[in-house]
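Report on the following structure.
Numbering of ligands and ligand atoms starts at 1, following listing order.
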Amino acid sequence: MTDLLLKFTVVILLCISSFSEADVQWHTLDNHTVLVQQAEKLKYYDSNQVIITGTQCLAIFDASGDFSQVENMAKKIKQHFKQPVCYLIASHHHDDHLLGMAVLQKLFPSAKLITHQALYASFTVYQQAFEKQLATYQQSITLNEQRLSTLELEPEQQHEWTEKLLQAKRRLKRWQTLSLNLPDIAVDTDTELDLGNLRIQIMPRSSHTLGDLMVYLPHSQTLLASDIGDPLPYLGDANIQQTILTLNTLLDLEIKTLIPGHGRQVTKEQLKITQSFILAIDNHASVAVKNNLDEQTMLESFKFSPLKELVRTPLDEKAYKIFVAAGLKQAYSQHKNQEMQKLNDSSIP
Ligand SMILES: [Zn+2]
């Protein structure tokens, strides 16, 4: 989704990752597809993953931003499946989808990482993001050590927290040996892969980010839409008008199961509501640009109905506020750019 929400949880995840792992759910969707669904309470912070199995090969779609969780998933995959992991498919560059690929690259060294061509072209940026993530973990350990030394705790609590920090340090030491290596395959056109009696289609788009990959599984008419299919979408890095068009094409596609990057499976009806939400954001920003409204006025005057379709829990409400602001800002800047472009074009003699 975005590293914005994720950053707030780094410290927590480092300390409670074994706890969050317990809430990850493995759902076998059919003989070829396992959904690794993120805990509901973490749905805006971390992503779903999907394991696709052919007779010869496995493919893993996306990696959690919590490296402990990625390690646990890899361990379980090695226990459950005989086939080698041939492909790692990163849906886009956001931390909670891409960075954990470094763990998978280490644990499945013969697997080929596949990304969109646009993501490949800027890969050094994401390699730096990976290093930054490790530095943040280091800082949070140091901070927690300092806090622990100033707290007056019962001996039992003191022991518990010292143990947790020791574990966190051991994990970090392991992760510091990792690196996020360049993708082996970069795609910018629809591409088919054969996993052994199972063909899957990789669909590159530029919607949620400049370089998105979705995967379509024809055998079950399942679409792994990642964040393009999120019911409440983060649009801060999106090409908003392109996203609306992409959703149109998804609505025309034969889909029985649609798995978003975050949260439970969604229906086409939900996708239509999401599309109308994005349209509302886009229209509102367009009017704001035309009327020269400032950003604050634009934000405060945005209303969407039916809101209850998108916002059902306090967590949704928190995400909604952040995502509406990010979406409006992005749409505003895109409309502003279009206006400038029109002006430039009209001034050319
Ligand atoms: Zn995302």
Side-chain angles (χ1 to χ4, degrees), residues 1-10 13 35-39 42-50 60-66 69-70 88-102 113-120 122-123 125-126 129-130 132-133 180 183 202-215 223-244 246-247 250 258-266 270-271 274-275 277-278 281 310 315-316 318-331 334:
M1 178 152 300
T2 164
D3 58 354
L4 184 73
L5 281 172
L6 197 65
K7 281 195 171 69
F8 294 115
T9 58
V10 164
L13 283 179
L35 165 63
V36 182
Q37 191 177 318
Q38 196 53 245
L42 292 176
K43 72 173 177 181
Y44 291 114
Y45 303 93
D46 207 348
S47 65
N48 296 329
Q49 296 87 50
V50 180
I60 304 173
F61 183 71
D62 273 343
S64 161
D66 172 356
Q69 213 181 92
V70 183
L88 306 170
I89 306 167
S91 67
H92 62 290
H93 78 258
H94 286 152
D95 292 4
D96 52 333
H97 300 261
L98 177 67
L99 298 191
M101 287 296 174
L113 176 62
I114 306 177
T115 67
H116 191 289
Q117 174 65 40
L119 198 160
Y120 178 89
S122 315
F123 209 70
V125 174
Y126 312 118
F130 176 77
K132 209 170 146 195
Q133 180 84 306
L180 183 63
I202 300 185
M203 299 160 56
R205 297 289 183 272
S206 293
S207 301
H208 174 68
T209 64
L210 196 60
D212 304 318
L213 295 183
M214 294 186 287
V215 170
L223 181 74
L224 316 182
S226 194
D227 292 6
I228 295 176
D230 283 348
L232 179 54
Y234 172 75
L235 300 165
D237 295 319
N239 181 328
I240 293 185
Q241 286 163 25
Q242 198 55 49
T243 303
I244 295 164
T246 298
L247 289 178
L250 298 191
L258 198 154
I259 299 173
H262 300 266
R264 300 189 180 116
Q265 293 178 31
V266 295
Q270 284 171 304
L271 212 58
T274 298
Q275 191 187 36
F277 168 71
I278 302 172
I281 294 244
L310 296 179
L315 185 63
D316 293 338
K318 188 177 158 192
Y320 179 83
K321 280 185 190 145
I322 297 171
F323 292 178
V324 162
L328 282 172
K329 214 171 160 180
Q330 180 76 349
Q334 284 169 1

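Restricting H208 to its N/O/S atoms, the shortest distance to the Zn ion (ligand 1) is reached by NE2. With respect to the Zn ion (ligand 1), D227 has OD2 as its nearest N, O or S atom. The name of the N, O or S atom in H94 nearest to the Zn ion (ligand 1) is ND1.
Ring pair H97/H92 is tilted by interplanar angle, where 30° to 60° counts as tilted.
Closest of all the heavy-atom pairs between H116 and P204 is CD2-CB, 3.5 Å.
If you check the side chains of Y44 and D316, you find a donor sitting under 3.5 Å from an acceptor.
Although no hydrogens or angles enter the test, the distance criterion places a donor-acceptor pair under 3.5 Å between the side chain of D230 and the main chain of H262.
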